[in-house]
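Heads up, the thing below is written out as structure tokens.
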Amino acid sequence: MFQKEHKLEICMLSQGVCMLYAFFMPPDKKKERGAMRISELVESVTKKKLPAHKKALVLEICCNDTEGEDIDTPYINYILPLDSPSLPHPDQTSLSYYII
């Protein structure tokens with residue numbers, strides 16, 4: 001989706017000092033992490049539960065364009081799901097939605 005819509009390939013995704021995804025990760029690890037929701041991925045990598053008061057995560061991505069050149073991208077203020085399970089939220093989408 002991200003690659004088709006923005007013509008950019010995500011090479012790395014991090015949150016704070018934690019690398020959530022990188023192009024050089026082993027294929028099995030990329031597949032495992034790609035199937036996780038963003039909040040699950042952060043909790044898995046940090047080995048900490050997200051605090052209940054946490055409303056958003058700041059994510060950083062490194063991208064390449066179609067010619068393989070590094071592209072500067074802004075930080076992503078990723079809004080975490082609301083407490084109501086009836087409201088749709090992007091966090092219900094796995095990481096692979098953005099990377100593939």
Side-chain angles (χ1 to χ4, degrees):
M1 185 291 249
F2 194 84
Q3 197 167 15
K4 288 179 185 175
E5 188 173 323
H6 300 288
K7 307 285 191 257
L8 296 173
E9 176 187 3
I10 297 175
C11 299
M12 284 190 275
L13 172 69
S14 61
Q15 191 266 324
V17 297
C18 297
M19 187 175 301
L20 305 175
Y21 168 85
F23 69 95
F24 54 79
M25 286 180 169
D28 57 329
K29 187 176 269 194
K30 286 197 289 190
K31 184 177 180 179
E32 175 190 348
R33 289 185 178 190
M36 293 178 163
R37 296 181 324 199
I38 299 291
S39 57
E40 290 175 327
L41 180 57
V42 170
E43 289 179 341
S44 172
V45 172
T46 62
K47 299 187 182 1
K48 293 179 183 175
K49 201 92 167 107
L50 289 172
H53 69 276
K54 191 82 158 166
K55 303 288 185 218
L57 300 170
V58 177
L59 304 176
E60 186 173 357
I61 57 173
C62 296
C63 296
N64 289 338
D65 64 13
T66 54
E67 283 120 38
E69 296 294 320
D70 290 340
I71 300 297
D72 290 331
T73 55
Y75 291 104
I76 298 167
N77 188 34
Y78 183 81
I79 308 299
L80 290 167
L82 302 171
D83 293 308
S84 173
S86 63
L87 295 174
H89 191 276
D91 194 54
Q92 295 168 349
T93 305
S94 68
L95 177 62
S96 62
Y97 177 77
Y98 301 99
I99 298 197
I100 298 174

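Remember, predicted model here, so these are calculated numbers, not experimental data. Basis for what follows: all heavy atoms, side chains included, without hydrogens, waters or symmetry-related copies.
With Lys30 contributing its side chain and Phe23 its backbone, the two residues share a donor-acceptor pair below 3.5 Å. At distances below 3.5 Å, at least one donor-acceptor pair connects side-chain atoms of Thr46 with backbone N or O atoms of Val42. Judged by distance alone, the side chain of Arg33 and the main-chain N or O of Leu41 form no donor-acceptor pair under 3.5 Å.
The structure places OH of Tyr21 at 7.5 Å from SG of Cys11, a figure rounded to the nearest 0.5 Å. The structure places NZ of Lys7 at 8.5 Å from OG1 of Thr66, a figure rounded to the nearest 0.5 Å. Between the NZ atom of Lys54 and the OG atom of Ser39 there is a distance of 12.5 Å, given to the nearest 0.5 Å. Taking CG of Leu80 as the reference point, atom CZ of Arg37 lies at 10.0 Å (rounded to 0.5 Å).
With a 4.5 Å cut-off on side-chain heavy atoms, Ile76 and Val58 do not count as touching. The closest side-chain heavy-atom distance from Cys63 to Ile10 is below 4.5 Å.
Scanning all heavy atoms of the two residues, the minimum distance from Ala22 to Met19 falls at CB-SD, 3.4 Å.
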Discussion item. Could you go through Asn64 and Ile71, starting from their C-alpha distance and side-chain angles, then the distance that decides it, and tell me whether this counts as side chain to side chain contact (heavy atoms under 4.5 Å, CB included)?
Written reply: CA-CA 6 Å; Asn64 289 338; Ile71 300 297; 5.9 Å; no

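Following chains of ILVMFWY side-chain contacts shorter than 4.5 Å, one cannot reach Ile61 starting from Met25, and the two form parts of different hydrophobic clusters. No path of Ile, Leu, Val, Met, Phe, Trp and Tyr side chains, each step under 4.5 Å between heavy atoms, connects Leu57 with Met12, placing them in separate hydrophobic clusters. Leu50 and Ile38 fall within a single hydrophobic cluster, where Ile, Leu, Val, Met, Phe, Trp and Tyr side chains are chained together by heavy-atom contacts under 4.5 Å.
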